[in-house]
Amino acid sequence: MPVAHFHLPTGLATAEQERSLLIESSTLYSQILDSPIERVRTFLVHYDPTQLAVAGEIVAEGGSAAPYFTAIVLARRPAAQRQELLAAFTNLIVDVLGVERGLVRGQIIEVAPENWGIGGTAASAVRADEVAERAAAGS
C-alpha cells in the first residue's frame with residue numbers, strides 16, 4: 001500500500017538526486033511503516049516551472065522551488081508513524097535536494113482499506129488479518 005508522490009519543478013534536481021530520493025524514500029517508508037519494501041511505490045511528479053507558483057510568484061520567474069509530497073497509507077496507522085513519515089520525508093528532501101526546510105510541504109493521506117485495491121481486490125479482504133491487527137493496536 002505505501003505510495004508516495006514527490007512534486008517537483010522540472011530542473012530542480014539532477015538525475016542522481018531524483019534516483020536517491022526515490023530509493024531512499026522507499027527504504028524509509030518500508031522501515032517506518034514496518035511494511036515489506038515490495039509493497040512500496042514512490043513517484044516523481046514534475047511540473048513545468050512556468051506552471052508553478054509559490055507565494056504568488058511563478059517559479060520560472062524567480063519564485064522559490066518548494067517541493068511538496070503526499071504519502072498514502074492505510075487508515076488507522078498510528079499517529080506516531082504518520083508524524084515520523086512527515087519528518088523523515090521532509091529531512092530527505094532537504095538533504096538530497098538542498099532546499100530550505102521551511103519551503104517543504106507534505107501530507108499524509110489515509111485511505112480506508114475497503115477503498116484501496118490490490119490486484120483488483122479491496123485491501124480489507126486481501127490483508128484482513130494485518131488490517132485487523134492495526135485496528136486493534138490503534139484502539
Side-chain angles (χ1 to χ4, degrees):
M1 146 50 97
V3 174
H5 297 93
F6 294 90
H7 304 265
L8 308 172
T10 301
L12 174 65
T14 67
E16 186 55 37
Q17 287 172 312
E18 290 182 348
R19 181 179 185 283
S20 292
L21 188 62
L22 290 168
I23 292 170
E24 292 178 42
S25 64
S26 295
T27 301
L28 283 169
Y29 222 156
S30 175
Q31 291 171 345
I32 292 168
L33 297 185
D34 194 27
S35 179
I37 196 139
E38 294 78 17
R39 296 182 186 170
V40 176
R41 308 290 188 269
T42 58
F43 301 88
L44 291 176
V45 183
H46 290 108
Y47 297 90
D48 184 320
T50 64
Q51 299 175 344
L52 177 61
V54 175
E57 293 188 48
I58 303 298
V59 172
E61 296 171 6
S64 298
Y68 167 72
F69 66 88
T70 57
I72 303 171
V73 300
L74 284 180
R76 297 185 285 278
R77 283 281 183 180
Q81 277 185 335
R82 296 188 315 266
Q83 292 166 0
E84 185 178 356
L85 197 57
L86 286 170
F89 279 3
T90 298
N91 291 339
L92 181 63
I93 289 169
V94 169
D95 293 345
V96 171
L97 302 181
V99 299
E100 183 182 322
R101 178 176 303 282
L103 293 174
V104 179
R105 300 290 189 270
Q107 87 172 313
I108 303 292
I109 300 171
E110 293 183 89
V111 177
E114 61 272 13
N115 294 331
W116 186 260
I118 300 170
T121 302
S124 57
V126 175
R127 298 204 179 105
D129 291 340
E130 288 177 37
V131 171
E133 284 176 23
R134 272 198 299 276
S139 302

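In this text, all values refer to a predicted model and were calculated from it rather than measured experimentally.
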Once side-chain hydrogen bond (donor to acceptor under 3.5 Å, both in side chains) is applied, do any residues pair with [X], and if so which ones, sequence neighbours excluded?
X     : result
Asn91 : Arg101
Ser26 : Thr42
Gln17 : Thr14

Practice task
Supply the members, apart from Ile23, of the Ile/Leu/Val/Met/Phe/Trp/Tyr cluster built from side-chain contacts under 4.5 Å; use none for a lone residue.
Solution key: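 Same cluster as Ile23: nobody, lone residue.
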Practice task
Would you mind listing the cluster partners of Leu8? Hydrophobic ones only (ILVMFWY), side-chain contacts under 4.5 Å, chaining allowed.
Solution key: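 Via sub-4.5 Å side-chain contacts, Leu8 links to Phe6, Leu12, Leu21, Leu22, Leu28, Tyr29, Ile32, Leu33, Val40, Leu44, Phe69, Val73, Leu85, Leu86, Phe89, Leu92, Ile93, Val94, Val96, Leu97, Val99, Val104, Ile108.
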Report, one line per pair, each donor and acceptor closer than 3.5 Å where one atom sits in a side chain of residues 47-58; sequence neighbours left out.
| residue | atom | partner | partner atom | Å |
| --- | --- | --- | --- | --- |
| Tyr47 | OH | His7 | ND1 | 2.8 |
| Asp48 | OD1 | Thr50 | N | 2.8 |
| Asp48 | OD1 | Thr50 | OG1 | 2.7 |

Handout entry: Distance in Å, Ile118 CD1 paired with Arg39 CZ, rounded so as to fall on 0.5 Å steps
Key =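 These two atoms lie 7.0 Å from each other.
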Problem - Gap between atom OG1 of Thr90 and atom CG of Leu103 - 0.5 Å precision - result: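 Rounded to the nearest 0.5 Å, the CG-OG1 separation comes to 11.5 Å.
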Practice task
Give a yes or no on whether the backbone of Ser35 and the side-chain of Ser30 come within a donor-acceptor separation of less than 3.5 Å.
Solution key: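 Judged by distance alone, yes, a pair lies under 3.5 Å.
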Exercise for the section: Determine, using the 4.5 Å side-chain heavy-atom cutoff (strictly less than), whether Val111 and Val3 are members of one ILVMFWY cluster. Expected result: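 Val111 clusters together with Val3.
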Exercise for the section: Please name the pair of heavy atoms, one in Arg77 and one in Gln81, separated by the smallest distance, quoted to 0.1 Å. Expected result: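 Here Arg77 and Gln81 meet closest at CD-OE1, 3.1 Å.
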Problem - Closest non-hydrogen atom pair between Arg82 and Glu110, with its separation - result: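 Minimum heavy-atom separation between Arg82 and Glu110: NH1-OE1, 3.7 Å.
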